Amino acid sequence: ILATGGGGLLGVNTYTGTGLSQSVDTGQPLSNGAFVWAKATNTSADHLASDTARGGNKLLNQNGNAAETTNSQFITSFNNNGITVGTAADYNTLGRDYVLFSWLKQAGYLDIVTYTGNGATQTISHNLAATPAMMIIKCRTITKDWAVYHKDAGNNVEAALNTSSAFATSGSFDNTTPDASDFFVGPSFTTNQSSQDYVAYLFGEKGGKSKIDQYSGNGTSSKSVTGVGFEPKAILLKGDNNSNGWRFFYNDNGTAKYIVPDTSASVVTAT
């Protein structure tokens with residue numbers, strides 16, 4: 001489970017595509033550094049990932065394993081109050097409704113790291129200024145699955161964001177605990193193939209803003225998960241020992257909804 005709250009660090013906003021350049025106001029200075037995730041909610045369509053480290057013209061989709069694509073009309077600017085989306089259909093198809101999640105880069109909360117693989121165990125520096133509790137990594141240059149690390153799953157254990165498979169032991173993350181200055185990847189094509197480029201999103205636990213944890217299901221119709229410490233604006237979760245798909249819940253004007261990161265399906269209203 002990754003639960004993230006407000007305080008200006010996470011924005012959850014909706015907008016409708018116009019087919020023309022438009023600004024999306026998230027109320028955040030995203031030009032200072034950000035990771036954004038968009039999804040069309042009223043139709044089947046890819047999830048879309050952009051960030052300030054790679055540039056708004058670079059796009060990855062979370063429900064697939066394709067390499068990065070480039071289009072100058074994806075996000076034309078990261079602004080002091082949100083983003084401007086261009087005319088590319090991915091972000092701005094006329095009549096499509098979108099949800100946009102925007103994480104502001106800040107010490108202890110989020111860092112974005114780009115690096116090149118070396119084909120062996122590699123130590124990679126970061127500026128999170130805290131121990132990463134969850135990491136999401138994607139190869140940018142060739143077709144490879146997304147790799148997700150979670151502190152409660154184990155150092156050399158991963159799940160793929162673009163599939164429903166359970167967390168499993170792999171060589172993607174070295175069996176060394178990340179710390180406040182470095183994280184470690186193994187000799188895996190998913191996270192460290194020689195001469196290939198990668199992007200890593202590092203999430204920390206910041207008091208009152210983010211909580212990264214685990215819980216045990218009870219198999220009944222409802223369960224209260226305590227200890228978060230704040231009211232989350234969005235929650236990303238996955239069963240670690242089963243093949244149930246990912247769920248990304250959010251509050252849409254008082255209605256609980258979720259999207260499924262490993263599929264292109266439209267939004268679901270939670271019941």
Side-chain angles (χ1 to χ4, degrees), residues 2-64 69 71 73-106 109-110 112 136 138 146 161 199 201 203 209-210 232-236 246-261 263-270:
L2 164 65
T4 54
L9 297 184
L10 172 67
V12 180
N13 300 91
T14 58
Y15 67 96
T16 299
T18 63
L20 304 173
S21 179
Q22 65 167 317
S23 296
V24 181
D25 187 351
T26 70
Q28 303 161 285
L30 298 187
S31 55
N32 291 346
F35 164 43
V36 299
W37 177 334
K39 173 71 176 75
T41 56
N42 59 347
T43 189
S44 175
D46 287 339
H47 299 249
L48 313 167
S50 295
D51 58 76
T52 51
R54 295 181 297 129
N57 63 333
K58 304 293 185 180
L59 180 66
L60 291 163
N61 72 282
Q62 292 91 319
N63 54 292
T69 57
N71 186 321
Q73 291 299 312
F74 286 148
I75 293 178
T76 56
S77 65
F78 290 90
N79 308 325
N80 61 7
N81 62 347
I83 62 172
T84 300
V85 292
T87 57
D90 302 85
Y91 269 105
N92 197 16
T93 295
L94 177 65
R96 280 189 182 177
D97 294 330
Y98 295 85
V99 60
L100 178 73
F101 306 91
S102 49
W103 290 267
L104 192 62
K105 185 177 173 182
Q106 188 178 93
Y109 184 73
L110 171 71
I112 306 167
I136 302 175
K138 179 69 177 75
W146 291 76
L161 187 64
V199 61
Y201 304 109
F203 296 88
K209 300 294 185 294
S210 58
K233 295 180 70 174
I235 301 172
L236 176 66
W246 293 86
R247 297 290 185 269
F248 194 5
F249 290 88
Y250 65 98
N251 184 336
D252 183 6
N253 295 316
T255 300
K257 297 181 178 180
Y258 67 86
I259 52 177
V260 183
T263 78
S264 61
S266 55
V267 71
V268 179
T269 299

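The structure presented is a predicted model; accordingly, all values stated were derived computationally and were not measured.
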Problem - side chain to side chain donor-acceptor pair (under 3.5 Å): pairs with one or both residues in residues 85-94, sequence neighbours excluded - result: Gln22-Asn92, Ser50-Tyr91, Gln73-Thr87
Practice task
Would you sort out whether Tyr250 and Val267 count as a side-chain contact (heavy atoms from CB on, under 4.5 Å), showing the intermediate values?
Solution key: CA-CA 10 Å; Tyr250 65 98; Val267 71; 3.3 Å; yes
Completion exercise
When rounded to the nearest 0.5 Å, the distance separating CD1 of Ile235 from CG of Leu2 is 9.0 Å
Problem - CA sep, side-chain torsions, deciding dist, call: Val199, Ile112, side-chain contact (heavy atoms from CB on, under 4.5 Å) - result: CA-CA 7 Å; Val199 61; Ile112 306 167; 4.0 Å; yes
Fill in the blank from the handout: Closest non-hydrogen contact found for Trp146 with Ala49 is CH2-CB, 4.2 Å
Exercise for the section: Return each pair, listed once, that meets side chain to side chain donor-acceptor pair (under 3.5 Å) where at least one residue sits in residues 10-20; pairs must be two or more places apart or across chains. Expected result: Thr16-Asp97
Completion exercise
Residues at least two apart in sequence or cross-chain that pass side chain to side chain contact (heavy atoms under 4.5 Å, CB included) with Lys105, listed by chain then number, are Asp111
Problem - Contacts of type side chain to side chain contact (heavy atoms under 4.5 Å, CB included), residue Ser210, not counting sequence neighbours - result: Thr4, Tyr109, Lys206
Exercise for the section: With sequence neighbours excluded, tell me which residues meet side chain to side chain contact (heavy atoms under 4.5 Å, CB included) with Ser21. Expected result: Thr84
Handout entry: Test side-chain hydrogen bond (donor to acceptor under 3.5 Å, both in side chains) applied to Ser44 - qualifying residues, sequence neighbours left out
Key = Ser264
Practice task
Could you tell me the separation between the CZ atom of Arg96 and the OG atom of Ser266, rounded to the nearest 0.5 Å?
Solution key: 11.0 Å
Handout entry: With sequence neighbours excluded, residues passing side-chain hydrogen bond (donor to acceptor under 3.5 Å, both in side chains) with Asn71
Key = none
Problem - Ile75 and its side chain to side chain contact (heavy atoms under 4.5 Å, CB included) partner, picked from Leu48, Asn57, Val36, Thr52 - result: Val36
Exercise for the section: For residues Ile83 and Asn79, report the shortest heavy-atom separation together with the two atoms involved. Expected result: C-ND2, 3.4 Å
Handout entry: Side chain proximity check, Val99 to Val12, heavy atoms < 4.5 angstrom
Key = yes
Problem - salt bridge (charged side-chain N to carboxylate O under 4.0 Å, His left out): pairs with one or both residues in residues 52-61, sequence neighbours excluded - result: Asp51-Arg54, Arg54-Glu68
Practice task
Mind listing the closest non-hydrogen atom pair of Thr26 and Gly82 along with its distance?
Solution key: OG1-CA, 3.5 Å
Exercise for the section: Kindly indicate whether the side chain of Leu30, heavy atoms from C-beta on, has any atom under 4.5 Å from the side chain of Leu104. Expected result: yes
Practice task
Taking Trp246 for its side chain and Ile259 for its backbone only, find out whether a donor-acceptor pair lies under 3.5 Å.
Solution key: no
Exercise for the section: Please list, chain by chain and in numerical order, all residues satisfying salt bridge (Lys or Arg N to Asp or Glu O under 4.0 Å) with Asp25, sequence neighbours excluded. Expected result: none
Exercise for the section: Tell me, please, which residues at least two apart from Phe74 pass ring-ring contact (aromatic ring centres under 6.0 Å, His included). Expected result: none
Practice task
Could you pull out all residues at least two apart from Thr263 that satisfy side chain to side chain contact (heavy atoms under 4.5 Å, CB included)?
Solution key: Val260, Ala265
Fill in the blank from the handout: Value for NZ (Lys209) from CG (Leu9), rounded to nearest 0.5 Å, stands at 6.0 Å
Practice task
Mind checking the CG-CG spacing from Leu236 to Leu161? Nearest 0.5 Å is all I need.
Solution key: 7.0 Å
Practice task
Just say parallel, tilted or perpendicular for the rings of Phe203 and Trp103, cut-offs at 30° and 60°.
Solution key: perpendicular
Problem - Distance (rounded to the nearest 0.5 Å) between Ile136 CD1 and Leu60 CG - result: 12.0 Å
Problem - With sequence neighbours excluded, residues passing ring-ring contact (aromatic ring centres under 6.0 Å, His included) with Phe248 - result: Trp37, Phe101
Exercise for the section: Measure the spacing between OG1 of Thr269 and CG of Asp252 and express it to the nearest 0.5 Å. Expected result: 8.5 Å
